[in-house]
Amino acid sequence: MTDSELAGELRELADHPHLAARREQLNDLANAITDPGGAGRWCEVDLFAAFAPDDSILVDDEPVETTSSPGRPRWRRGLGAAVGPALAFVPILITWLGLMMATGAYGDILDDGGADAARRPFLEMWQQGFDGRLPRLFEFDNIALCTLVAIFCLICWTVYENIARNNREDASERALRALRVRLRGALTDASLVLGQVRLSSPERFGAELSKAAADIGFVGTTARKVHTELVEALTLTLEATRKTTDALTGSAIDVRDAVELLNGHLAAINNTCDDLAAAVARASTVIKVQDASQRIRTPR
């Protein structure tokens, strides 16, 4: 899609009745597409946020009118709103009108025939037209037939209106989906065009370069800060390690001295045990010698 075609598409969207609230902005955006000088103020705008379909497309309670017959749905809605309730009262109107005409004719018979005329059944006289006093259209059979026809027409009209309303609602939903797709597509193409304008502009390029330099500076500052904090943490860790090593070394020396002292005590205990064993051995020898001498001196 060329820039002129895109501008025409945006203008068509601006003329859509459901986008009337954003007409000025869409027309201004269409002008910016064909005018690079005026595109600068749209380059930094997020078009999908500015023209969000849920906020930009305003739908009233009426279904969307199609382009093929713009006046037909409105005429159908007006006709359905007027004819539907009217048809609901037609059977009642026919019935009461027939009763009014029948009672009028019955009154004429009573006036002419007196009490003898009242002996005949009312429905029979109504069916026979009250002896020609009632028009044929208002006879009982015809009134009943007209009432049934009116009820049948009411049923048919109700079914027709429900089907037509469902079809209009489906067409409205399809039209709204198509409008959302058109709006998103036009905004996508406009974003691509404005992106090229933004990158080709020296001022925009300088601004982007400055922004990138600022970002790089911020990253460098953050890296230096992290490096300083890391060095401090390593220094504290090494100091703690040194103190721990010194404490372990002192503990090892104390343990070594304790082991040497314990070895000395054990050696002394061993020497004492050896002396005790030697004394026991000498005592045993003396005892044995004494026993032998005593046995020799004793006569047999």
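Along the sequence shown, residues carry numbers from 1.
- A search for side-chain hydrogen bond (donor to acceptor under 3.5 Å, both in side chains) contacts involving Asn166 returns nothing, not counting sequence neighbours.
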Side-chain donor-acceptor pairs under 3.5 Å in residues 273-281, sequence neighbours left out?
none

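- Side-chain atoms of Asn167 come within 3.5 Å of backbone N or O of Ile163 as a donor-acceptor pair.
- Remark: Arg177 engages Glu173 in a salt bridge (Lys or Arg N to Asp or Glu O under 4.0 Å) (not counting sequence neighbours).
- Contact record, Thr34 with Arg11: OG1-NH2, 4.5 Å, taken as the closest heavy-atom pair.
- The shortest heavy-atom contact between Ala102 and Leu134 is N-CD1, 4.1 Å.
- Using a 3.5 Å distance cut-off with no hydrogens or angles, the side chains of Asn27 and Arg22 do not pair a donor with an acceptor.
- The distance from atom CG of Leu19 to atom CZ of Phe51, rounded to the nearest 0.5 Å, is 9.5 Å.
- The shortest heavy-atom contact between Ile143 and Gly98 is CD1-CA, 3.7 Å.
- You'll find the side chain of Leu26 stays beyond 4.5 Å of the side chain of Asp15, heavy atoms only.
- In this structure, OH on Tyr106 lies 13.5 Å from CG on Leu99, to the nearest 0.5 angstrom.
- Hydrophobic clustering, defined by side-chain heavy atoms of Ile, Leu, Val, Met, Phe, Trp and Tyr closer than 4.5 Å, groups Leu266 together with Leu262.
- Minimum heavy-atom separation, Met101 to Pro135: CE-CD, 4.3 Å.
- Through chains of ILVMFWY side-chain contacts below 4.5 Å, Leu145 is grouped with Val149.
- A donor-acceptor pair under 3.5 Å links the side-chain atoms of Thr222 to the main chain of Phe218, judged by distance alone.
- The hydrophobic clustering, which links ILVMFWY residues whose side-chain heavy atoms are closer than 4.5 Å, places Leu148 and Phe89 apart.
- For Phe140, the ring pair (Phe, Tyr, Trp, His ring centres under 6.0 Å) test picks out Trp126, with sequence neighbours left out.
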| said: Phe122 vs Phe130, test: ring-ring contact (aromatic ring centres under 6.0 Å, His included). Steps then yes/no. | reply: CA-CA 9 Å; Phe122 178 79; Phe130 294 99; 5.6 Å; yes

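- Between atom CG of residue Leu183 and atom NE2 of residue His16 there is a gap of 10.5 Å, rounded to the nearest 0.5 Å.
- Taking the side chain as every heavy atom from C-beta outward, Ile287 and Thr285 never approach each other to under 4.5 Å.
- Residues forming a salt bridge (Lys or Arg N to Asp or Glu O under 4.0 Å) with Arg224 (at least two apart in sequence, or on another chain): none.
- Leu97 and Met125 fall within a single hydrophobic cluster, where Ile, Leu, Val, Met, Phe, Trp and Tyr side chains are chained together by heavy-atom contacts under 4.5 Å.
- By the side-chain hydrogen bond (donor to acceptor under 3.5 Å, both in side chains) test, Arg184 pairs with no residue at all, sequence neighbours left out.
- Cluster partners of Leu261: none. The rule joins Ile, Leu, Val, Met, Phe, Trp and Tyr whenever side-chain heavy atoms lie under 4.5 Å apart, and it links nothing here.
- More than 12 heavy atoms of other shown residues, nucleotides or ligands fall within 6.0 angstrom of atom CZ in Phe48.
- At distances below 3.5 Å, at least one donor-acceptor pair connects side-chain atoms of Asn162 with backbone N or O atoms of Thr158.
- Arg133 contributes no side-chain N or O that, together with a main-chain N or O of Ala105, makes up a donor-acceptor pair within less than 3.5 Å.
- The distance from atom CG of Leu194 to atom CG of Asp189, rounded to the nearest 0.5 Å, is 11.0 Å.
- Between Ala150 and Pro91 the shortest heavy-atom distance is CB-CG, 3.8 Å.
- Among pairs with a residue in residues 232-244, those fulfilling side-chain hydrogen bond (donor to acceptor under 3.5 Å, both in side chains) read Glu239-Arg242, Arg242-Asp246, at least two apart in sequence or across chains.
- Residues Trp42 and Ile33 form no side-chain contact, since every pair of their non-hydrogen atoms from C-beta on lies 4.5 Å or further apart.
- Legend: residues meeting side-chain hydrogen bond (donor to acceptor under 3.5 Å, both in side chains) with Ser4, ordered by chain and number and at least two apart, are Thr2.
- Put simply, Tyr160 and Leu154 are part of the same group of oily side chains (I, L, V, M, F, W, Y) that touch within less than 4.5 Å, one to the next.
- Here Glu9 pairs with Arg182 under the side-chain hydrogen bond (donor to acceptor under 3.5 Å, both in side chains) rule; sequence neighbours left out.
- Hydrophobic clustering keeps Val159 apart from Val90 (ILVMFWY residues linked when any side-chain heavy atoms are closer than 4.5 Å, directly or through intermediates).
- Residues Leu123 and Met100 share a hydrophobic cluster, clusters being chains of Ile/Leu/Val/Met/Phe/Trp/Tyr side chains in contact below 4.5 Å.
- Annotation: the span from Ile151 atom CD1 to Cys156 atom SG amounts to 12.0 Å, rounded to 0.5 Å.
- Residues Leu179 and Leu13 come closest through the heavy atom pair CD1-CD2, 3.8 Å.
- To the nearest 0.5 Å, atoms CG (Leu87) and CD1 (Ile155) are separated by 11.0 Å.
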